[in-house]
Amino acid sequence: MKKTFLIAMGSGDPEPWVKSFETLLPEFSIAKLGDDFERESVAYAMTWYHPPGSLADFKSLKAIFSLGAGVDHLFRDPLLPSVPTARVVDPDLTKRMTEYVILHALSILRQTRRYRNQQNQKVWLDDDHQPAAGDVRIGIMGMGVLGQDAAEKLSLIGFDVAGWNRSPKSISGIKLFSGHEELPHLLARTDILIVLLPLTPETRGIINAKLLKGLARDGRVKAPSLINAGRGGLQKENEILSCLDGGTLHEAVLDVFETEPLPVSSPLWLHPRVTITPHNASVSDPMAISKMIAEQVRRSERGEPLLYQLDQSRGY
Ligand code: NAP
Ligand code: GLV
C-alpha cells in the first residue's frame, strides 16, 4: 500500500500545499482531511489548526509537522497522537519576520504615523527632536530563531538591542536577560518592545498593563512602543488600550490578536496609534516550507530523528 502524507488544515487553503507535496514527495499519496484515503496508510501529517481529534487513530502515523513556527494550535487537541512532532524553522519564514520587525521599528523611530497624518492635513512641521537609532533601545521578548535574527539585523541598523529568554544564553554583541527575575531589567531599558514569544501556559497574558508600565520612561522617545508578532494570547488587549490612552504606551503594532480574525467591534481597529496586520507578519510560503517538510520526511524515512522537534513539557 502506498504511504499517505496527510494535509490537515482547519484554516487556510490546502491546495498549494497539495500541489507542492505531489511534486516533492511522488512516492506518497497526498491527501487532505475529508478526502477518501486508507486510514492505515497515513504515515505523516502536516497540520495547521486541524480539527481536534482528526489525527487520532492513524495506526501507522510516524510524525506530525506544524505548518508554522508556532505549535500552540497543536495543544488545542487533547487527542493529539504521541509521535515525534516538528515545527517550521526555515530561512524564508525567518527573513519575513525580520522584515516585519525592521519595518515597524524604523516606522516608530522615524514617526511615519505622524508624518502621514501631517501629509493628510497638508501640514509642514518639523518641530521634534529626531533620535538616532543608537539612542533607541529595543527589547525583544523571545530570543529564539526569529528573535535572534531580528536582533542581529536591528543591531546592524544601529539600534541598541537586548533580549529575554527562558534559559540563560549568550549572543555576541547583544545583552541578554533570562527568567522572570531578570525581565524587569530588560523592560527598564526598552523603548521599543518586540514580542516574539511562543504561546504557552507561562506566557499567556504576559503583555499586560503591569509589564507595559515597567518599560523605560527615561528614553529619547516620548513613550515606549510595542510590536507583538508572537501570538494574540500573549496580550491583554483592554490593558494595551488603556496604556495607549493613559500615556504609558505611544504606539502599538499588532499582528496577532486574542480572537482572530479581529472582531469588527474591537476598539483596536480605529485607535489612532494602533497598526493592525492580519496575522501575516511571516506567512509560511507553500513552496519554501513544503521543501523543508519534505526533507524532514526523507530524514524520517532514513531512520534519522526529525529536526526542530517540539518539547511537550515546555509547550514550544
Ligand atoms: P523559538 O525558536 O522556539 O523561540 C522561542 C523563544 O521564546 C526562545 O528564546 C525561548 O527561550 C523564549 N521563551 C519561551 N518561553 C519563555 C518564557 N516563559 N519566558 C521567557 N522566554 C521564553 O520560536 P521562534 O521560531 O523564534 O518563533 C517564536 C514564535 O513566533 C512562535 O512560537 C509563533 O508563536 C510566533 N510566530 C508568529 C508568526 C506571525 O506571522 N505572526 C510567524 C511565525 C512565528 P529559550 O531560548 O530559553 O528556550
Ligand atoms: C505563524 O503564525 C507561525 O507560527 O508560523
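Side chains are part of it too, since the values below use all heavy atoms of this structure and drop only hydrogens, waters and symmetry mates.
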>> One thing to verify: whether E27 and K3 come together as a salt bridge, which I'm taking to mean a side-chain N less than 4.0 angstrom from a carboxylate O.
In response: no
>> salt bridge (Lys or Arg N to Asp or Glu O under 4.0 Å) for E38 and K2? Distances and angles first, verdict last.
In response: CA-CA 10 Å; E38 298 284 346; K2 201 170 174 183; over 6 Å; no
> Take atom CZ in R114; do more than 12 heavy atoms of anything else shown fall under 6.0 Å from it?
Replying inline: yes
>> Would D149 and T98 count as a side chain to side chain donor-acceptor pair (under 3.5 Å) here? Give the steps.
In response: CA-CA 7 Å; D149 191 67; T98 298; 2.6 Å; yes
> Where the side chain of K222 meets the backbone of L249, is there a donor-acceptor pair that is under 3.5 Å apart?
Replying inline: no
>> Quick test of your reading: applying salt bridge (Lys or Arg N to Asp or Glu O under 4.0 Å), list the pairs with at least one residue in residues 79-94, sequence neighbours left out, ordered by first then second residue.
In response: D92-R96
Return a table of donor-acceptor pairs under 3.5 angstrom between the side chains of residues 103-111 and protein atoms on other chains or two or more places apart.
| residue | atom | partner | partner atom | Å |
| --- | --- | --- | --- | --- |
| S107 | OG | T112 | OG1 | 3.1 |
| Q111 | NE2 | D128 | OD2 | 3.4 |

> Closest heavy-atom contact between Y316 and T200?
Replying inline: CD2-CG2, 3.9 Å
> Should V221 and H250 be marked as a side chain to side chain contact (heavy atoms under 4.5 Å, CB included) after you check the CA-CA gap, both sets of side-chain angles, and the distance that decides it?
Replying inline: CA-CA 9 Å; V221 293; H250 178 59; over 6 Å; no
>> Just verifying a value: how many Å separate K291 NZ and L24 CG, rounded to the nearest 0.5 Å?
In response: 7.0 Å
>> Whether the side chain of D35 engages the backbone of K32 through a donor-acceptor N/O pair (distance < 3.5 Å, no angle test) should be reported.
In response: yes
Solution key, residues 207-214 side-chain donor-acceptor pairs under 3.5 Å, sequence neighbours excluded:
| residue | atom | partner | partner atom | Å |
| --- | --- | --- | --- | --- |
| N208 | OD1 | K210 | N | 3.2 |
| N208 | OD1 | L211 | N | 2.9 |
| N208 | ND2 | G205 | O | 3.1 |

>> What I'd like to find out is whether the side chain of W164 reaches to under 4.5 Å of the side chain of I140, using heavy atoms alone.
In response: no
>> Measuring only between side-chain heavy atoms, which start at C-beta, is M292 closer than 4.5 Å to Y308?
In response: yes
For residues 176-194, dump all side-chain donor-acceptor pairs below 3.5 Å to protein atoms at least two apart in sequence or in another chain.
| residue | atom | partner | partner atom | Å |
| --- | --- | --- | --- | --- |
| E182 | OE1 | S178 | N | 2.9 |
| R189 | NH1 | I138 | O | 3.4 |
| R189 | NH2 | D160 | OD1 | 2.7 |
| R189 | NH2 | D160 | OD2 | 3.3 |
| T190 | OG1 | L186 | O | 2.7 |
| D191 | OD1 | R137 | NH2 | 3.0 |
| D191 | OD2 | R137 | N | 2.8 |
| D191 | OD2 | R137 | NE | 3.0 |

> What's the shortest heavy-atom distance between L67 and S284, and which atoms?
Replying inline: O-OG, 2.7 Å
> Would R298 and E304 pass as an ion pair if we require N to O under 4.0 Å?
Replying inline: no
>> Tell me if a side-chain donor or acceptor on S242 pairs with a main-chain N or O of E239 at a distance below 3.5 Å.
In response: yes
> Is atom CG of D57 surrounded by more than 12 heavy atoms (other residues, nucleotides or ligands) closer than 6.0 Å?
Replying inline: no
> If you round to the nearest 0.5 Å, how far is CD of Q296 from CD1 of I293?
Replying inline: 8.0 Å
> Can you name the one residue among F21, F28, F58 that meets ring pair (Phe, Tyr, Trp, His ring centres under 6.0 Å) with Y44?
Replying inline: F28
> Same cluster or not: are V274 and L215 linked, directly or through other Ile, Leu, Val, Met, Phe, Trp or Tyr residues, by side-chain heavy atoms under 4.5 angstrom apart?
Replying inline: yes
>> Please say yes or no: joined through hydrophobic side-chain contacts below 4.5 Å, possibly via intermediate residues, are M9 and L55 part of one cluster?
In response: no
>> Please determine whether side chain to side chain contact (heavy atoms under 4.5 Å, CB included) holds for the pair L310 and F75, giving the CA-CA distance in whole Å, both sets of side-chain angles, and the decisive distance to 0.1 Å.
In response: CA-CA 11 Å; L310 73 89; F75 293 108; 3.7 Å; yes
>> According to salt bridge (Lys or Arg N to Asp or Glu O under 4.0 Å), who are the partners of K62, at least two apart in sequence or on a separate chain?
In response: E301
>> Would you say CG of D127 has more than 12 non-hydrogen atoms from neighbouring residues, nucleotides or ligands within 6.0 angstrom?
In response: yes
> Which pair of heavy atoms, one from L74 and one from S66, lies closest together, and at what distance?
Replying inline: CD1-CB, 4.4 Å
> Measuring from W48:CH2 to D13:CG, what's the distance to the nearest 0.5 Å?
Replying inline: 15.0 Å
>> Hydrophobic clustering (ILVMFWY, side-chain heavy atoms < 4.5 Å, transitive) - are V88 and V18 grouped together?
In response: yes
> Do L6 and V83 belong to the same hydrophobic cluster, where Ile, Leu, Val, Met, Phe, Trp and Tyr are linked whenever their side-chain heavy atoms lie under 4.5 Å apart, directly or via other members?
Replying inline: yes
> Is there a donor-acceptor contact under 3.5 Å from the side chain of N280 to the main chain of V283?
Replying inline: no
>> To check you understand the geometry: which heavy-atom pair defines the closest contact between V71 and G315, and what is its length?
In response: CG2-O, 4.1 Å
> Between atom SG of C243 and atom NZ of K236, what is the distance when rounded to the nearest 0.5 Å?
Replying inline: 13.0 Å
> Just wondering, do W17 and M46 contact through their side chains at under 4.5 Å, heavy atoms?
Replying inline: yes
>> Atom CG of residue position N238 - does it have more than 12 heavy atoms of other residues, nucleotides or ligands inside 6.0 Å?
In response: no
> After noting the C-alpha distance and the side-chain angles of R113 and T275, does the key distance pass the side chain to side chain donor-acceptor pair (under 3.5 Å) rule?
Replying inline: CA-CA 9 Å; R113 176 176 294 281; T275 298; 2.4 Å; yes
> Short question: side chain of T203, backbone of P198 - any donor-acceptor pair under 3.5 Å?
Replying inline: yes
>> Do the side chains of R231 and D72 get close enough for a salt bridge, i.e. N-O under 4.0 angstrom?
In response: yes
> Please walk me through it: do N165 and S167 pass side chain to side chain donor-acceptor pair (under 3.5 Å)?
Replying inline: CA-CA 6 Å; N165 285 316; S167 45; 6.0 Å; no
> Does anything in residues 255-283 pair up under salt bridge (Lys or Arg N to Asp or Glu O under 4.0 Å), and if so which pairs, sequence neighbours excluded?
Replying inline: none
>> The test is side chain to side chain contact (heavy atoms under 4.5 Å, CB included); show your working for M141 and I206 and say whether it passes.
In response: CA-CA 10 Å; M141 290 174 70; I206 196 167; 3.8 Å; yes
> Is R302 paired with E295 through a side-chain N to carboxylate O contact shorter than 4.0 Å?
Replying inline: yes
> Taking all atoms of both residues into account, what is the closest heavy-atom pair of G247 and A223, and its distance?
Replying inline: O-CB, 3.6 Å
> Do the side chains of V42 and L25 join up, straight or via other hydrophobic residues, at under 4.5 Å, putting them in one cluster?
Replying inline: no
> Does a side-chain heavy-atom distance below 4.5 Å link T47 with F65?
Replying inline: no
> Going from CZ on F257 to CD1 on I276, what distance comes out if it is rounded to the nearest 0.5 angstrom?
Replying inline: 4.5 Å
> Just by distance, do the side chain of S155 and the backbone of A151 share a donor-acceptor pair under 3.5 Å?
Replying inline: yes
> Counting N and O atoms only, with roles assigned by atom type, does the side chain of S282 sit under 3.5 Å from a partner on the main chain of L93, one being a donor and the other an acceptor?
Replying inline: yes
> Is there a donor-acceptor pair closer than 3.5 Å between any side-chain N or O of E40 and the backbone N or O of M1?
Replying inline: no
> If every non-hydrogen atom of R76 is compared with every non-hydrogen atom of Y49, which pair is closest and at what distance?
Replying inline: NH1-CA, 3.6 Å
> Could you give the distance from NE2 (H279) to OG (S11), rounded to the nearest 0.5 Å?
Replying inline: 9.0 Å
